[in-house]
2 protein chains.
Amino acid sequence: MSYETEHIAASLKKARASKGISQRELAKRSGVPQSHISKIESNAVDLRISSLASLAHALDLELELVPRKAAPAVRSIARNAITQNNRGNADALNELNRTLRALNTLPKALQENTATQTLHKQLSEISNLRNTIHQTGALHQLRTTLEAIEGNDGLKEIRKAARDAKRLRNELVHNVAPTETQESKPAYSLDDEEDDDA
Amino acid sequence: MSYETEHIAASLKKARASKGISQRELAKRSGVPQSHISKIESNAVDLRISSLASLAHALDLELELVPRKAAPAVRSIARNAITQNNRGNADALNELNRTLRALNTLPKALQENTATQTLHKQLSEISNLRNTIHQTGALHQLRTTLEAIEGNDGLKEIRKAARDAKRLRNELVHNVAPTETQESKPAYSLDDEEDDDA
DNA sequence: ACCATCGATATATAATAACATATCATTATC
DNA sequence: GATAATGATATGTTATTATATATCGATGGT
């Protein structure tokens, strides 16, 4: 196949890797079969626009036709957006690590409490979602809440933190940005936000 | 078909109109049949990437997957490139018109010369290529050459102008920018520049 | 009136994408 | 060692694109 289709295939593969999801996960989100995604990413098919659009949508990409003269500027903007996204991810992972450390240095009496263990579990699950974490602000708030606890007087704060962490974890599983309201989302993404491990 | 494919179809149609070429002309340049182009532009097929790439190439466009967040900025850059292209076209047409006027105000003795008639013919043919004309500089030079002619002492200049106009016309027919050297062109566009009306 | 060109539509055929389903070798985790 | 998950590959079927070729009604130029 041509250079152009190869370029598209490489862009899709890179975007999926950057999001940290598997071909099977992308198949679920896009409706395109995993085996077909494998072929697409290795440039083994001349895929249809509708399939490309489905994959692009699932990867938060848009397909644009741009004047050749503007292509270098467009690629630069695309790279900047990716770089900023990666930086947001790095910052959030940093806050997450500091939150875990704050949790682990709580007094022993608090450590053995169920709320603390629930919080720990949620943060571990969040940690497993590595590349999709961008919630630097929310994690920062969790961390400063924990770091403010003195003595054994922190059960209330820990319980609240556990609830916040659970909500954050559920949002991440559905890849829903916490700032979006339900009403503003396009119809095709108004899916249930319940814990899908049930 | 979906919004996304509709968007692509509309972009293709607009780009072709902007270039001022017919579906049959685009079929020649891209290798995609005219009847298929008609279906594509009316969003009646879910076309393959390779076909889209062929059309994009013939229309001086590139296909890019860009992060959704960067899409507004990318569209703005694309619009700017198109606007500048249109402005370049308008400026060139303006110079062309002024060149024709300068030609028409030459002394009668020079008007009846074969070189003058040849020059007029070339400028008319250039005029027929309306949307693809961007050579403001070259046309400006032609115009100032003609405007500098005084009395009947301009045959040499007119002959040179006729040769320049013929070369410009041939370049336009092949849509080759005059600043590009032959060696720097990719192999697929190293086509013959002879007059194809022969 | 005649002619050329346009975009749209029709018909027939061949090639291939899209999909379902299954399985493989490899890797990582417990 | 067992298990789960991964990307790649295989088989079979169906629907659709891509193409060649032709033609139509509409439009514009001479």
Side-chain angles (χ1 to χ4, degrees), chain A residues 1-2 4-6 8-59 63 121 124-125 127-132 173 196-197, chain B residues 1-2 4-6 8-59 63 121 124-125 127-132 173 196-197:
Chain A
M1 219 102 43
S2 76
E4 190 69 52
T5 58
E6 199 173 305
I8 294 294
S11 294
L12 287 171
K13 183 167 180 138
K14 194 167 184 175
R16 181 177 64 79
S18 179
K19 262 180 129 50
I21 62 176
S22 65
Q23 287 179 353
R24 279 175 174 80
E25 178 57 33
L26 180 55
K28 273 193 209 166
R29 296 185 188 189
S30 65
V32 176
Q34 179 267 318
S35 52
H36 205 45
I37 289 171
S38 181
K39 283 186 191 166
I40 288 168
E41 286 187 357
S42 55
N43 206 31
V45 285
D46 187 357
L47 86 162
R48 307 256 189 92
I49 297 298
S50 63
S51 296
L52 178 58
S54 297
L55 292 169
H57 184 269
L59 293 168
L63 190 59
K121 179 172 168 272
S124 287
E125 292 191 16
S127 185
N128 287 336
L129 299 165
R130 307 191 66 67
N131 301 55
T132 62
V173 164
D196 62 357
D197 288 336
Chain B
M1 221 110 32
S2 77
E4 191 69 51
T5 59
E6 199 173 305
I8 293 295
S11 295
L12 287 171
K13 184 169 180 138
K14 193 168 186 175
R16 181 177 64 80
S18 178
K19 262 179 130 47
I21 62 176
S22 65
Q23 287 180 353
R24 280 178 174 80
E25 178 57 33
L26 180 55
K28 273 193 209 166
R29 294 184 188 190
S30 63
V32 177
Q34 177 268 319
S35 52
H36 205 44
I37 289 171
S38 180
K39 283 185 194 168
I40 289 167
E41 286 187 357
S42 56
N43 207 30
V45 285
D46 188 356
L47 85 163
R48 305 250 190 98
I49 296 299
S50 63
S51 297
L52 178 58
S54 297
L55 292 169
H57 185 269
L59 293 167
L63 189 60
K121 178 171 169 275
S124 287
E125 292 191 16
S127 185
N128 287 336
L129 300 165
R130 305 190 67 69
N131 299 56
T132 62
V173 163
D196 62 357
D197 288 338

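Here is the naming used below: chain letters follow the sequence lines, and residue numbers restart at 1 for every chain. No hydrogens, no waters, no symmetry mates; every other heavy atom, side chains included, goes into these values.
Regarding B:Ile49, its CD1 atom lies at a distance of 10 Å from the P atom of D:dA18, rounded to whole Å. Atoms NZ (B:Lys28) and C1' (D:dT19) sit 18 Å apart, rounded to a whole Å. Between B:Ile40 atom CD1 and D:dA18 atom P the separation is 6 Å, expressed in whole Å. Regarding A:Asp46, its CG atom lies at a distance of 13 Å from the C1' atom of D:dT16, rounded to whole Å. Regarding A:Glu41, its CD atom lies at a distance of 13 Å from the P atom of D:dT6, rounded to whole Å. To the nearest angstrom, P of C:dC6 lies 12 Å from CD1 of B:Ile37. The distance between atom CG of B:Asn43 and atom C1' of C:dG7, rounded to the nearest whole Å, is 16 Å. Rounded to a whole Å, the CD1 atom of B:Ile21 is 15 Å from the C1' atom of C:dT5.
Taking the side chain to side chain contact (heavy atoms under 4.5 Å, CB included) definition, one finds that B:Ser124 meets it with B:His120, sequence neighbours left out. The side chain to side chain contact (heavy atoms under 4.5 Å, CB included) search around A:Ser42 returns A:Ala44, not counting sequence neighbours. With sequence neighbours excluded, no residue forms a side-chain hydrogen bond (donor to acceptor under 3.5 Å, both in side chains) with B:Arg48. A search for side chain to side chain contact (heavy atoms under 4.5 Å, CB included) contacts involving A:Ser11 returns A:His7, B:Leu65, not counting sequence neighbours. Annotation: salt bridge (Lys or Arg N to Asp or Glu O under 4.0 Å) contacts of B:Lys121 (sequence neighbours excluded): B:Glu125. Considering only residues two or more places apart in sequence or on other chains, A:Glu4 meets the side-chain hydrogen bond (donor to acceptor under 3.5 Å, both in side chains) condition with none of them. Applying the side chain to side chain contact (heavy atoms under 4.5 Å, CB included) criterion to B:Ala27, with sequence neighbours excluded, gives B:Gln34, B:Ile37.
When heavy atoms are screened at a 4.0 angstrom cut-off, B:Ser38 is found touching base atoms of the nucleic acid.
Considering only side-chain N and O atoms, A:His36 lies under 4.0 angstrom from the phosphate OP1 or OP2 of C:dA18. In terms of phosphate contacts, B:Ser51 brings a side-chain nitrogen or oxygen within less than 4.0 Å of OP1 or OP2 of D:dA18. Residue A:Ser22 places at least one side-chain N or O under 4.0 Å from the OP1 or OP2 atom of D:dT6. When the side-chain nitrogen and oxygen atoms of A:Arg16 are compared with OP1 and OP2 of D:dG7, one or more of them lie within a distance under 4.0 Å.
A pairwise comparison of heavy atoms in A:Ala58 and A:Arg29 identifies CB-CB, 4.0 Å as the closest pair.
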Using a 4.0 Å heavy-atom cut-off to protein, can you give one letter per nucleotide of nucleotides 21-30 of chain C, 5' to 3': B if the base is in contact, S if only the sugar-phosphate is, - if neither? B-B-------

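End-to-end axis angle of the helix from C:dA1-D:dT30 to C:dC30-D:dG1, from C1' rotation axes over five pairs per end: 50° (rounded to 10 degrees).
Taking the nucleotide of DNA chain D with the nearest heavy atom to each of A:Ser42 and A:Arg48, the more 5' of the two is matched to A:Ser42.
For the pair B:Leu52 and B:Leu12, the minimum side-chain heavy-atom distance is below 4.5 Å.
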